[in-house]
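Fair warning: this is a prediction, and the values are worked out from it, not measured in the lab.
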Amino acid sequence: MMRVIDCDQGTPEWFAARCGVPTASMFSAILAKGEGKTRKAYMHRLAGEIITGEPADTISNTHTERGKALEPEARDRYAFEMDADPVLVGFIRNGDVGCSPDALLGDNGVLEIKTKLPALMVEVLLRDEFPPEHKAQCQGALWVSEREWVDIAVYCPKFPMFIRRAYRDEPYLAQLRSAVDAFNDELNTVVERIRSYGSVTREAA
């Protein structure tokens with residue numbers, strides 16, 4: 001069942017809402033093939049959150065802080081160019097997955113904003129296609145929010161804004177659901193293994 005948790009993103013309430021929940025922003029890690037370090041690290045992080053009931057510390061760097069600072073400016077630019085009225089949203093929980101879109105658009109749309117450094121913005125504009133590196137997150141947001149389309153807005157000051165719309169890709173979403181379900185099964189196994197650690201007397205080798 002889908003529910004929208006009303007909170008400001010980045011607040012303690014937001015971190016608490018997403019604690020232990022696989023989110024769309026990390027679906028690309030979940031899709032990693034084999035025993036990828038990123039996938040395993042993400043699973044272990046969520047396991048720690050579930051066991052302690054506390055959000056893990058998040059790593060911030062200059063690039064992420066720049067993105068946060070530019071996001072309102074980018075959202076306003078998108079609203080002007082598309083004559084839209086983006087509605088801010090906190091956290092959307094749907095079963096055992098979640099997402100935090102940068103805004104909701106009308107009754108059926110989602111907005112995802114990405115800020116880029118100039119060199120990367122040049123690459124996006126020259127490529128002129130929906131950035132494949134963000135497909136998992138954007139399609140995942142449609143799955144979690146039960147919406148029909150997503151606009152990705154890629155922004156860098158002094159550059160044209162790149163805006164591209166994508167609709168639900170049901171075959172892709174089926175693969176994504178399968179991968180996330182398998183991830184959650186593994187996550188639950190890890191949590192149970194840790195919780196039962198030491199509860200059974202082990203004989204010395």
Roughly how far apart are [X] [atom1] and [Y] [atom2], rounded to 0.5 Å?
{"X": "Met26", "Y": "Arg18", "atom1": "CE", "atom2": "CZ", "value": "9.5 Å"}
{"X": "Ile152", "Y": "Glu112", "atom1": "CD1", "atom2": "CD", "value": "7.5 Å"}
{"X": "Leu173", "Y": "Ser178", "atom1": "CG", "atom2": "OG", "value": "12.5 Å"}

Set of residues satisfying side-chain hydrogen bond (donor to acceptor under 3.5 Å, both in side chains) with respect to [X], sequence neighbours excluded:
{"X": "Ser100", "result": "Trp14"}
{"X": "Arg75", "result": "Glu71"}
{"X": "Glu192", "result": "none"}

Report the residues that fulfil side chain to side chain contact (heavy atoms under 4.5 Å, CB included) with [X], sequence neighbours left out, ordered by chain and then residue number.
{"X": "Glu13", "answer": "Cys7, Thr11"}
{"X": "Arg3", "answer": "Ile5, Arg93"}
{"X": "Ile50", "answer": "Leu187, Val191, Arg195"}

Are [X] and [Y] grouped together when hydrophobic residues (ILVMFWY) are joined by side-chain heavy atoms under 4.5 angstrom apart?
{"X": "Phe27", "Y": "Met2", "value": "yes"}
{"X": "Val21", "Y": "Leu46", "value": "no"}
{"X": "Val4", "Y": "Val87", "value": "no"}
{"X": "Met43", "Y": "Ile51", "value": "yes"}

Looking at every non-hydrogen atom in both residues, tell me the closest pair between [X] and [Y] and how far apart they are.
{"X": "Ala69", "Y": "Pro72", "value": "O-CD, 3.6 Å"}
{"X": "Pro55", "Y": "Cys19", "value": "N-SG, 3.7 Å"}
{"X": "Gly140", "Y": "Ala24", "value": "C-CB, 4.0 Å"}
{"X": "Ala29", "Y": "Thr38", "value": "CB-CG2, 3.6 Å"}
{"X": "Pro101", "Y": "Leu104", "value": "CG-CD2, 4.3 Å"}

Under 4.0 Å between a Lys/Arg side-chain N and an Asp/Glu carboxylate O for [X] and [Y]?
{"X": "Glu186", "Y": "Arg39", "value": "yes"}
{"X": "Lys135", "Y": "Asp169", "value": "yes"}
{"X": "Arg77", "Y": "Glu73", "value": "no"}

For residues [X] and [Y], determine if any side-chain heavy atom of one lies less than 4.5 Å from a side-chain heavy atom of the other.
{"X": "Trp143", "Y": "Asn94", "value": "no"}
{"X": "Val97", "Y": "Val180", "value": "yes"}
{"X": "Cys99", "Y": "Ile92", "value": "yes"}
{"X": "Ile30", "Y": "Pro22", "value": "yes"}
{"X": "Cys156", "Y": "Thr115", "value": "no"}

Query raised in the report: Has Asp6 got more than 12 heavy atoms of other residues, nucleotides or ligands less than 6.0 Å from its CG?
Result: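 Counting neighbours around CG of Asp6, 12 or fewer heavy atoms of other residues, nucleotides or ligands fall under 6.0 Å, so no.
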Query raised in the report: Is it the case that more than 12 heavy atoms not belonging to Asp185 sit under 6.0 Å from its CG atom?
Result: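 Buried by this count: over 12 neighbours within 6.0 Å.
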Requested in this report: Check the pair His134 / Gln139 against side chain to side chain contact (heavy atoms under 4.5 Å, CB included), numbers first and verdict last.
Outcome: CA-CA 9 Å; His134 300 306; Gln139 287 292 322; over 6 Å; no
Requested in this report: Could you work out the complete set of other residues in the hydrophobic cluster of Leu111, with links drawn between I, L, V, M, F, W and Y side chains under 4.5 Å apart?
Outcome: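 When side chains under 4.5 Å apart are linked, the cluster holding Leu111 also contains Leu70, Tyr78, Met82, Leu105, Ile113, Trp149, Tyr155, Met161, Ile163, Tyr167.
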Query raised in the report: Can you list the residues that meet the ring pair (Phe, Tyr, Trp, His ring centres under 6.0 Å) rule with Tyr42, with sequence neighbours excluded?
Result: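 By the ring pair (Phe, Tyr, Trp, His ring centres under 6.0 Å) rule, Tyr42 matches Phe183.
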Requested in this report: Tell me, please, which residues at least two apart from Phe91 pass ring pair (Phe, Tyr, Trp, His ring centres under 6.0 Å).
Outcome: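 Phe91: no ring pair (Phe, Tyr, Trp, His ring centres under 6.0 Å) contacts found.
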Report task. Evaluate the side chain to side chain contact (heavy atoms under 4.5 Å, CB included) criterion for residues Leu31 and Leu176: first the C-alpha distance (whole Å), next the side-chain angles of each, then the deciding distance (0.1 Å), finally the verdict. Result -> CA-CA 7 Å; Leu31 289 172; Leu176 180 60; 4.0 Å; yes
Query raised in the report: Counting distance only, does the side-chain N/O of Gln9 pair as donor-acceptor with the main-chain N or O of Asp102 below 3.5 Å?
Result: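 Such a contact is absent between Gln9 side chain and Asp102 backbone.
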Requested in this report: Give a yes or no on whether the backbone of Gly109 and the side-chain of Arg147 come within a donor-acceptor separation of less than 3.5 Å.
Outcome: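 Side chain of Arg147 to backbone of Gly109, a donor-acceptor pair under 3.5 Å: yes, one is there.
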Check residues 119-131 and write down every donor-acceptor pair under 3.5 Å in which the side-chain atom is one partner and the other belongs to a residue at least two apart or another chain.
unit_1 : atom_1 : unit_2 : atom_2 : d
Arg127 : NH2    : Glu133 : OE1    : 3.4
Arg127 : NH2    : Glu133 : OE2    : 3.2
Asp128 : OD1    : Arg164 : NH2    : 2.9

Query - Contacts of Arg168 that satisfy salt bridge (Lys or Arg N to Asp or Glu O under 4.0 Å) - sequence neighbours left out - result: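 Partners of Arg168 under the salt bridge (Lys or Arg N to Asp or Glu O under 4.0 Å) test: Glu170.
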Query raised in the report: Taking only residues two or more places apart in sequence or in another chain, which ones pass salt bridge (Lys or Arg N to Asp or Glu O under 4.0 Å) with Glu148?
Result: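 With neighbours one apart ignored, the set is empty.
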Query raised in the report: Taking atom types as modelled and ignoring hydrogens, do the side chains of Gln137 and Lys114 form a donor-acceptor contact shorter than 3.5 angstrom?
Result: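 Result is yes, a qualifying pair exists.
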